2 protein chains.
Amino acid sequence: MPFTTVDVVIFTVIEARLRVLLVQRPNVKDDPCPGLWALPGGFVDVDRDDSLEACARRKLLEKTAVVSPYLEQLGSWGGARRDPRGWSATHVYFALIPAEGLQLAKGANAAEVGWFEVDEVLGWPALAFDHAEILRAAVDRLRSKVEYTSLPAFLLEEPFTLPQLQRMYEVVLGRDVDKSGFRTRMLAAHFLEEAGYVAGHSNRPAMGYRLRDRTGPVVFPRTFSPRQ
Amino acid sequence: MPFTTVDVVIFTVIEARLRVLLVQRPNVKDDPCPGLWALPGGFVDVDRDDSLEACARRKLLEKTAVVSPYLEQLGSWGGARRDPRGWSATHVYFALIPAEGLQLAKGANAAEVGWFEVDEVLGWPALAFDHAEILRAAVDRLRSKVEYTSLPAFLLEEPFTLPQLQRMYEVVLGRDVDKSGFRTRMLAAHFLEEAGYVAGHSNRPAMGYRLRDRTGPVVFPRTFSPRQ
DNA sequence: AGAATAGTGTCTCTAAGACAGTATAAA
DNA sequence: TTTATACTGTCTTAGAGACACTATTCT
């Protein structure tokens with residue numbers, strides 16, 4: 001019988017960079033991947049976890065103390081050789097959380113925890129298990145969904161302004177987005193509601209917005225597609 | 001420790017209807033859902049299956065004798081109460097196969113196997129386990145992807161004609177599609193290559209096409225969106 | 001006044017949608 | 001010659017993209 005784990009790919013944006021939470025595995029002999037960086041996760045606890053999603057939520061809460069993030073199932077990876085301990089299957093979720101006021105809790109058996117720039121990590125020689133492949137799938141999914149959904153809104157604390165939201169899009173997509181088109185698109189999709197003016201650090205204050213519906217992103221009928 | 005299964009939602013189009021393969025569970029006392037219709041699937045065999053996808057492929061081959069279908073991971077469902085035998089997690093794949101020359105093999109422990117109209121099944125009072133929920137998720141995924149990908153091509157044997165492909169779109173979407181726009185869209189996406197004229201039953205022969213790449217569908221930059 | 005950021009107006013152009021038309025086969 | 005299906009052409013229009021413009025705050 002295969003053993004079952006749940007892993008979570010947690011994204012946030014810090015200092016204008018898309019980052020992912022990684023934990024370092026303990027550098028001891030009996031660990032399957034000693035010393036390597038891994039996605040947070042681990043075994044399902046059949047007594048505490050009522051479902052896979054509940055398990056993912058628990059693991060996310062333990063690491064980041066974030067209660068209600070955006071959480072989406074990414075997929076599952078399973079096979080005979082991905083874990084030296086035997087046939088295993090992991091259910092992977094990915095989460096988007098706002099960076100404001102984040103505090104990391106070191107796990108019991110995790111040597112270190114940190115936020116790493118996604119594009120750097122993708123260039124590393126190895127992550128634990130097949131976590132490099134999983135991370136790549138998560139980044140691909142995120143970048144592709146950002147082209148046609150309102151997902152980046154979940155990277156911001158409410159209320160947020162349209163310029164802030166635009167910056168989230170630009171950070172994730174890795175390219176500039178036209179201001180005017182961006183604004184019409186966001187307002188036309190009707191997923192934002194006004195929440196009063198927010199004073200910035202200086203200069204003209206901007207309108208703050210809240211999501212009408214925090215359960216999921218809105219899907220736009222077209223992708224962002226700059227002319228080449 | 002949870003136990004691990006793999007289920008497969010197999011779609012095809014027969015007589016202009018989107019259909020799904022279901023198997024009837026044996027009507028015996030020790031079965032968890034006796035007599036109910038279920039998605040084909042079952043336990044992972046750690047000796048025969050090298051990976052989750054290999055397991056799905058095996059189950060599909062056993063039921064339909066189709067060797068290289070379109071196969072995509074749909075998601076996973078796991079929890080304490082979805083199977084009366086205990087905490088379980090299932091990895092679900094969905095497959096698209098052409099209807100031509102299909103032959104069904106009855107499984108060893110399956111009383112009956114059949115192709116059922118999807119919209120009918122969605123109205124049934126119950127399927128085994130949480131398979132009603134899983135089927136709904138699969139249909140939602142399929143219908144939404146059909147709006148912006150070339151997925152319906154995998155419902156046809158090659159070579160196929162553009163009118164045939166259009167019919168697949170119309171069956172899955174449940175609405176008519178404009179011929180002219182459909183053709184420009186398909187040809188502009190450049191995923192088809194000509195394969196000589198195919199004589200229909202009567203009337204003017206149509207150009208046959210093959211997929212340039214059978215590994216996956218092409219993504220269109222916009223969804224089909226008829227004006228309201 | 002000047003700088004910085006927020007927000008609007010306008011023009012162009014692509015491609016989708018609607019629909020009428022032409023082309024090629026069989027009966 | 002009619003019928004059925006395959007395929008093309010043309011017109012309209014929505015909306016994206018580009019970019020210049022105005023508005024409001026702080027220093």
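This is a predicted model, so every value here is computed, not measured.
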>> Ignoring hydrogens and geometry beyond distance, is the side chain of B/Arg222 in donor-acceptor contact with the base of C/dA16 at under 3.5 Å?
In response: no
>> Tell me whether the side-chain N or O atoms of B/Arg204 pair up with the base of C/dA25 as donor and acceptor below 3.5 Å, since no angle test is needed here.
In response: no
> Would you call the rings of B/Trp124 and B/Phe116 parallel, tilted or perpendicular if under 30° counts as parallel and over 60° as perpendicular?
Replying inline: perpendicular
> Going by the angle between their ring planes, with limits at 30° and 60°, are B/Tyr70 and B/Phe94 parallel, tilted or perpendicular?
Replying inline: perpendicular
> Of A/Tyr209 and B/Asp178, whose nearest nucleotide on DNA chain C comes first from the 5' end?
Replying inline: A/Tyr209
Counting heavy atoms from C-beta on, name the nucleotide in [options] closest to the side chain of [X].
X	options	value
B/Asn203	C/dA6, D/dC7, C/dA25	C/dA25
A/Tyr197	D/dA4, D/dA6, C/dG7	C/dG7
B/Arg183	C/dT24, C/dT5, D/dT8	D/dT8

>> Heavy-atom nearest nucleotide on DNA chain D for B/Lys179 versus A/Lys179: which residue maps closer to 5'?
In response: B/Lys179
> At under 4.0 Å, does any side-chain N or O of A/Arg185 touch on OP1 or OP2 of D/dA14?
Replying inline: no
>> Which residue in the set B/Arg17, B/Arg136, B/Arg19, B/Arg143 passes salt bridge (Lys or Arg N to Asp or Glu O under 4.0 Å) when paired with B/Asp119?
In response: B/Arg143
>> Counting the atoms with a prime plus P, OP1 and OP2 as sugar-phosphate, which does B/Ser180 contact under 4.0 Å by heavy atoms, base, sugar-phosphate, or nothing?
In response: base
>> Apply ring pair (Phe, Tyr, Trp, His ring centres under 6.0 Å) to residues B/Trp77 and B/Phe129 and explain how you reach the verdict.
In response: CA-CA 11 Å; B/Trp77 277 257; B/Phe129 309 109; over 10 Å; no
